[in-house]
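Each chain gets a letter, A, B and so on, in the order its sequence line appears, and its residues count up from 1. Quick caveat: nothing in here was measured; it's all calculated off a predicted structure.
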Number of protein chains: 2
Amino acid sequence: MTARPTGRQQGPRGRRPGGPDTRGQILEAARESFADKGFRATTIRAVAGAAGVDAALVHHYFGTKDDLFVASLEISVDPRQALALVFAPGLDGAGERLLGTVLSVWDEPENRRPLLAFLRSSLGDPESTLLQDAFIRVIFKSLRGQLPDGDAELRAGLVATQMLGLLVARYLLAVEPVASLPREQVVALIGPTLQRYLSDPVAP
Amino acid sequence: MTARPTGRQQGPRGRRPGGPDTRGQILEAARESFADKGFRATTIRAVAGAAGVDAALVHHYFGTKDDLFVASLEISVDPRQALALVFAPGLDGAGERLLGTVLSVWDEPENRRPLLAFLRSSLGDPESTLLQDAFIRVIFKSLRGQLPDGDAELRAGLVATQMLGLLVARYLLAVEPVASLPREQVVALIGPTLQRYLSDPVAP
DNA sequence: GTCTATAGACGGATAGAC
DNA sequence: GTCTATCCGTCTATAGAC
């Protein structure tokens, strides 16, 4: 569970690990439901049921449904930092490195569900605009900042189309054979596309 | 309104056009809401309100909410037919032709909302699996059928990632500058990617 | 810490009057 | 054709007992 390392508000003087970690179980059930069904279709009651507790307990630990959603979105990577590492060696090969990094984050089991939850809810519920805009803009801006000026905006947009589509097809819709392809093969097939969007001429 | 040309179940001996086409207004309001907010977040009451009628009338014309959704999904193009036309001249240039065709369909005002509604609801509400699978499989199979054998499945999947991502970024999320780019420029920028997925070697 | 009870809203769908 | 009235279900959230 990724709940521990973040050190958020536990119970006032919380129980030591070893007993049944109810809070963690609730959080895990929430991640699963948000990832599979999105924000709206997820009900507190269902989450509580899956965790084997009462609905009121969910509120007790996490507050409102929005709070629960936010709590279930934590991942173990800072996107800006990861992006900086990708572009540190220069623009050459950045397409492959970018893709490899993103896929390795998504393939990490503890990140998968939070990311899926975020992706699905961003696309499905257009009123998540707060988070959506906040997060996407951070990544987008960060990516744009790594590119040479002039066409940076357009290049970042092109990269976004291919990257977004890959994530949707591979993880959200599970379109075969893309979903089952080993990571290295995806990088070999699609990395060059990203590289072209990053460094090929785009002017008319 | 695309309601006329399809000739579905009107009232038993329906009114001639000229009066306020209530049914059409309801349908238009439904398309807008489904496109903007997805299936779940759309309420019959809100649709009725936007159309200036009572909620019961919506049921009277369209039956259940699912029926209304299905009714709002009609577009003026048969995907299989369009695909066949794209691939008729051969594989050369099929990437650009495919992209141009898809974008021209999406840019048609009367198709835009039905397509958006379908895309948003497919991605957001995973229980639309019936429609989702039906439709996507039709397109996917149709596309695959146009490709030389061997890697057809993989090529179709790769094309899907780029196409899907473009549609999501351009129409659903409206990521700039991709959303505002003229169609021809999008074709020039992304068409070659599709062409490579269609005809470049993919074997290791 | 965990649950019972309940308030308060909202939404889909139907019956039937006009 | 259009609306009023209403039933029934589901959901979030809170107060408070154990």
Practice task
Check whether any side-chain N or O of A:Y61 sits under 4.0 Å from OP1 or OP2 of C:dT2, and answer yes or no.
Solution key: yes
Handout entry: Nearest-Å distance for atom pair CZ/C1', residues A:R23 and C:dT2
Key = 16 Å
Exercise for the section: Provide, to the nearest angstrom, the distance between the NZ atom belonging to B:K65 and the C1' atom belonging to C:dT14. Expected result: 17 Å
Practice task
Look up atom CG in B:L27 and atom CG in B:L68, then write down how far apart they are to the nearest 0.5 Å.
Solution key: 7.0 Å
Handout entry: Polar side chain donor-acceptor pair, A:E108 to A:S104, under 3.5 angstrom
Key = no
Fill in the blank from the handout: In whole angstroms, the gap separating P of D:dC11 from CZ of A:F39 amounts to 14 Å
Exercise for the section: Just call it for B:I44: base, sugar-phosphate, or nothing, with non-hydrogen atoms closer than 4.0 Å on any strand. Expected result: sugar-phosphate
Practice task
Examine D:dG1: is either OP1 or OP2 under 4.0 Å from a nitrogen or oxygen in the side chain of B:T22? Give yes or no.
Solution key: no
Problem - Atom pair distance, as rounded to whole Å: CG in A:L57 and P in C:dC3 - result: 6 Å
Problem - Gap between atom OG of A:S121 and atom CG of A:L116 - 0.5 Å precision - result: 9.5 Å
Practice task
Please round to the nearest 0.5 Å and tell me the distance separating atom CZ of A:R120 and atom CG of A:L172.
Solution key: 4.0 Å
Fill in the blank from the handout: Expected list for residues 46-56 of chain B near DNA chain D, using heavy atoms below 4.0 Å, is B:V53, B:D54, B:A56
Sequence neighbours left out, cut at 3.5 Å: what donor-acceptor pairs do the side chains of residues 156-163 of chain B make with other protein atoms?
from, atom 1, to, atom 2, distance (Å)
B:T161, OG1, A:Q162, NE2, 3.1
B:T161, OG1, B:L158, O, 2.7
B:Q162, OE1, A:Y197, OH, 2.8
B:Q162, NE2, A:T161, OG1, 3.1

Completion exercise
Rounded to whole Å, CG of B:D67 lies from C1' of C:dA13 at a distance of 12 Å
Exercise for the section: Measure from CZ on A:R40 to P on C:dC10 and round the result to the nearest Å. Expected result: 12 Å
Practice task
Return the orientation label for the B:F39 and B:F34 ring planes: parallel under 30°, perpendicular over 60°, tilted otherwise.
Solution key: parallel
Fill in the blank from the handout: Rounded to whole Å, CZ of A:F62 lies from P of C:dT2 at a distance of 12 Å
Handout entry: By side chain to side chain contact (heavy atoms under 4.5 Å, CB included) - contacts of B:F87 (at least two apart)
Key = B:L83, B:L91, B:A94, B:L143, B:Q146, B:L147, B:L198
Problem - Of the listed nucleotides C:dG11, C:dT14, C:dT2, the one nearest the side chain of B:H59 - result: C:dT14
Fill in the blank from the handout: Atom CZ of B:R45 and atom P of D:dT2 are separated, to the nearest Å, by 19 Å
